[in-house]
Structure formats: C-alpha cells, structure tokens
There are 2 protein chains.
Amino acid sequence: MMTRTAIETAPAPRAPSADDATRVAVSTVIFSLRREPGAERPTVVLPLVTRTRDPFEGMWALPGGWLDASESLDAAASRTLQETTGLAPSYLEQLYAFGEVDRSPTRVVSIVYWALIRPDEVDAVAAPENTAWFEAESCTELAFDHTQIVQYALWRLRNKAGYSRIAHGLLADEFTLAELREVYESILRRRLDPANFRRQAEASGTLIPTDRFRTGSHRPARLYRYDRDLELADRGPLTTSH
Amino acid sequence: MMTRTAIETAPAPRAPSADDATRVAVSTVIFSLRREPGAERPTVVLPLVTRTRDPFEGMWALPGGWLDASESLDAAASRTLQETTGLAPSYLEQLYAFGEVDRSPTRVVSIVYWALIRPDEVDAVAAPENTAWFEAESCTELAFDHTQIVQYALWRLRNKAGYSRIAHGLLADEFTLAELREVYESILRRRLDPANFRRQAEASGTLIPTDRFRTGSHRPARLYRYDRDLELADRGPLTTSH
DNA sequence: CCAAAAGTGTTATTAATACACCCATGA
DNA sequence: TCATGGGTGTATTAATAACACTTTTGG
C-alpha cells in the first residue's frame, strides 16, 4: 500500500521489570432506576460496596476486582456485576480506563465499565452484604477517584440516551410507550411530550408492536417489543463492523 | 444519602498473585492527512512501526510501549507519540482498552489512544527508522489486533467529525474556510457544499475571523482562527465538568 | 476579459416542538 | 358520566440541503 517516509532510530519497547507493580482492576458502574416515594419520576441509582481494607477503608466504592489473568476485560466486568447483583447485565459497555499515578496508594489502572439492569431485577434479587444502592446524582465522597467516575458514567448515560436506544436496557421485554418514555424522562430529568415521543419512537423502526395490551386503571396501552436485531452501535470496537 | 437494600456475603477482592503476568501497554493511533498524487482530496494516514522482536516480528504495528510505573496513561500516550513522530499532539484522546486474553501470546492489556497531528508537521519532521506512513483505509494484516483497532479509531474519527470540532487538530492556527472544509471532506470522504459549510462554520461560534487573507491564484480568502477557549467536549472524564 | 474560487441569497425539504383534540377504559 | 392516560392531527419553528447568483482576484 504505502510509501516509506523517513529514517532514524526507533526506540525499542522497554520490557517491564519485576518491580513494575502496575496492577489492572476492573470496576463497573451499574445503573438502574428506582421509584422514590415523593419523586414524580424514578431516579438513577447504582450499587456501591463498602471497602473492608486499607485504602479508603469504610468508604463506599464501585464494585470491582482484580483482572484475572485468564479472563477478558468484558468477562471481568460481567463477573463483577454477577458477584455484586447476581445478575447478567442487559447492557454492558466499557466506559474508560483510569490510570493517574496517584489515584491509589499503589499503582492501579482501572478499566471501568458501565451497565444497565432492570428495576424489577433489582427488587427481586438479594444483594450481598456491604452493598447498598445510592442515587447516582448525589454520589459524593467515594473511595479513590470513583466520585468522578460515577459522574462521568452518568454524563455518558444521559448523553447516550439522546442518540441511542439504551433505555431498553432498563425495561422488560414488553413495555408500553409510556413506560419507555418514563425511562427517558428519568435519565434526562425532564418531561417529554407524549405525542412527539410516540412519533419519534415509532419512526425509529426499532419497536415491534405486539397485539397485547397493558390493562390498567384507564385506556389499555399497547405493548411493544424492542427489535434487538437492529442492535445499538458502539458496544465496543470488536462486536460490529464499523 | 441512601437506603440499604439487602444482605448476604461480599466476595473479597482477590489480590493479584506474583504469577499474574498481566502487563499494561499503551499504543496510539496517530492520524494525519496526506495529499496523494492522483486523489482529489487528502487521505487519512497514520504511522506504523515494524516489529523487531518475537510476537509478529516483521509485521507492522501501532507505535506504543509499556506503561511506565511512574507515568499516567495520558503521559504514556504522549511519550509514545513524541518518540514516534517527535511531535506533541494537537489532539489526544483515549480510544479504548483492549484486553482479550488471546490478543497476544502473553497477557497484555493495551490502552489505546488516538491523536491528530498537522500534515505540515509530518512533512517537516524526520520519523525514526522502522516507521512509515500508511493509508488508514487500507491498513490490513497488522500485528496483534491492531487492524481492528485502526478501523475502530477511523470509525471514531469519522463519527466525531460529525458533531465535534476535531478537524482543527489537522490544521494550522490560521486557515481559510476552504481548508477547513477540505479536512472534513477528507475525513468524511465526500464533498461538502461550500456555501452551507460556510454558514454552519460561522454559526458554530467557534471561529474567530482575522483581518488577514490567504492570497493565491484567485480571490483572496479570509483567514480564521479557532477559538480554543470553547474547547471540545469529551477529551476524557477528568478534564471538564460533565 | 476570463477562469476559478470566495462569498451571498433563495427556496425546498425535513426534523423538532408545542399544543389542541378525540378515544377508550375503570370506577 | 367522568377523570385519566392513550393516541391522532396540525401548525410553527429550526435545521439541512440544493443550487443560482454575485464578487474578487491572478493571469
């Protein structure tokens, strides 16, 4: 294909010595929704774990663990999520690799993922000890740089909700348009016009109407299904052809 | 802040044993533009390095190196770029962390960055030995998973060109609107309407008109400067408040 | 004067938004 | 029947795109 350009000396990549104590951790920001008593719509919540050992002992931190030598990053994130919530994620995507030198007393590079799980799953499953759910918005003073990480993940969630179909990760297989809209309203923290939302949703081509209805206190609402064949873009570079 | 939810047993994070030979590397996809003899517009090019040792010896690979214990990921990427091109990047952003188990004979997690440098800098600087520039489009059969990585970076470049102002990373301080348009045309591989492009560019509010002109064979074109105070979003989670 | 790129104006099409209104059901 | 959310229609606005046209320079 190409033309050679210039000649000089190439620095040989330095092999890591034994005292290169850089370790790789994987953490996951697990988002879900929870209906708060007074609030007009659900809020974004996530599980945190209390640290039981030295760096930042007693503080809340993202669930995670060391990367096992025999597992991929994705697998490590899934495992983390499984251990923390007992669930498989309905959505899982790499967020960012954090590697500031002073982010931990020892040198740790953290590959952070973010995931979505459905609210009904949260209610149904017993979480391990030392785990509690917090409002993402008001997560502050976490261990390490996890406060920043959570806020960045939250920003990405909101950003992505604008152009992607991730909201389905927070819903069951069948849902009404009002339920879908409520998810977006919860993420974006603002009201959306039901009429316009309906049209946009229908125009997206990703919704399959069923012939079932959600019967409630008023006019029954049609149930839709998400067309998972038309999968969301950017679940990572290796999944689809870009 | 929040309410506790459930109780069970928390798995203690496993400390990495001595045989956890997972090493962290940092690689960088360095994009620039080059005007090809026949082509109607410049093409996206990037520098590759020939591997001089065992895994994939003799094949072309992304420039990179091991993460030093005392440098941040960003710093490692900058250093890589400096060693390969002798330049500081006009744009540098983390792309993705690659960590499949079998992507290398030994276990290596690669934090990959992508960067932009200006074409005139490419011409001016002598690249080290074993380094050559290739068309990004036709980069195939690289070492490791670098082929996929390059294509993903290219996808991200094109994607980001649609909503961001990165194109300025490929231009000098002062430029005409035609030059700016050509950068976008090169990245997106399609013609853009000069009239509409002008209006969009002016409406963006990121261009500062100077009173200087590029005098050429025809009517002089006004030179603009990029307003770097209004910086691009998403240069990473730690830079700005999201 | 002419070629060619700089720069302006005008219109058509499409997408986003606001909001009035009808429909169907449980109570 | 009435309150309420489900669902439709429509008008206004903004963004995008297509393209005709005028301006200014070097040769």
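By convention in this document, chain letters (A, B, ...) are assigned in the order of the sequence lines, proteins followed by strands, and residues within each chain are numbered from 1.
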Using whole Å, what does the distance between atom [atom2] of nucleotide [N] and atom [atom1] of [X] come to?
X	N	atom1	atom2	result
F197(A)	dC19(C)	CZ	C1'	18 Å
N196(A)	dG6(D)	CG	P	15 Å
Y163(B)	dT16(D)	OH	C1'	20 Å
F213(A)	dA24(C)	CZ	C1'	11 Å
F175(B)	dA5(C)	CZ	P	20 Å
R222(B)	dT25(D)	CZ	P	12 Å
L180(B)	dA6(C)	CG	P	12 Å

Out of [options], which has the shortest distance to the side chain of [X]?
X	options	answer
R219(B)	dT23(D), dG6(D), dC19(C)	dT23(D)
A195(B)	dG26(D), dT8(C), dG6(D)	dT8(C)
D193(A)	dT4(D), dC19(C), dA6(C)	dC19(C)
P220(B)	dT24(D), dA18(D), dA6(C)	dT24(D)
H218(B)	dA18(D), dA5(C), dT25(C)	dA5(C)

_Check this for me: does the side-chain of R199(B) come within 3.5 Å of the base of dG9(C) through a donor and an acceptor?_
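Per atom types, the contact qualifies.
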_Exam field: side chain R158(B) to backbone I187(B), donor-acceptor pair closer than 3.5 Å_ =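 At least one qualifying donor-acceptor pair exists.
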_By the 4.0 Å heavy-atom rule, please label A178(A) as base, sugar-phosphate, or nothing._
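A178(A): backbone/sugar contact only, no base atoms under 4.0 Å.
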One thing to verify: whether [Y] and [X] come together as a salt bridge, which I'm taking to mean a side-chain N less than 4.0 angstrom from a carboxylate O.
X	Y	value
E40(B)	R191(B)	no
R181(A)	E179(A)	no
E185(A)	R190(A)	no

*Starting at the 5' end of DNA chain D, which residue's closest nucleotide do you reach first, R190(B) or S217(B)?*
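That would be R190(B).
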*Aromatic plane relationship, H168(B) with Y226(B) - under 30° parallel, 30 to 60° tilted, over 60° perpendicular*: parallel
*Is there a side-chain polar atom (N or O) of R198(B) under 4.0 Å from OP1 or OP2 of dG7(C)?*
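Looking at the OP1 and OP2 atoms of dG7(C), one of them is under 4.0 Å from a side-chain N or O of R198(B).
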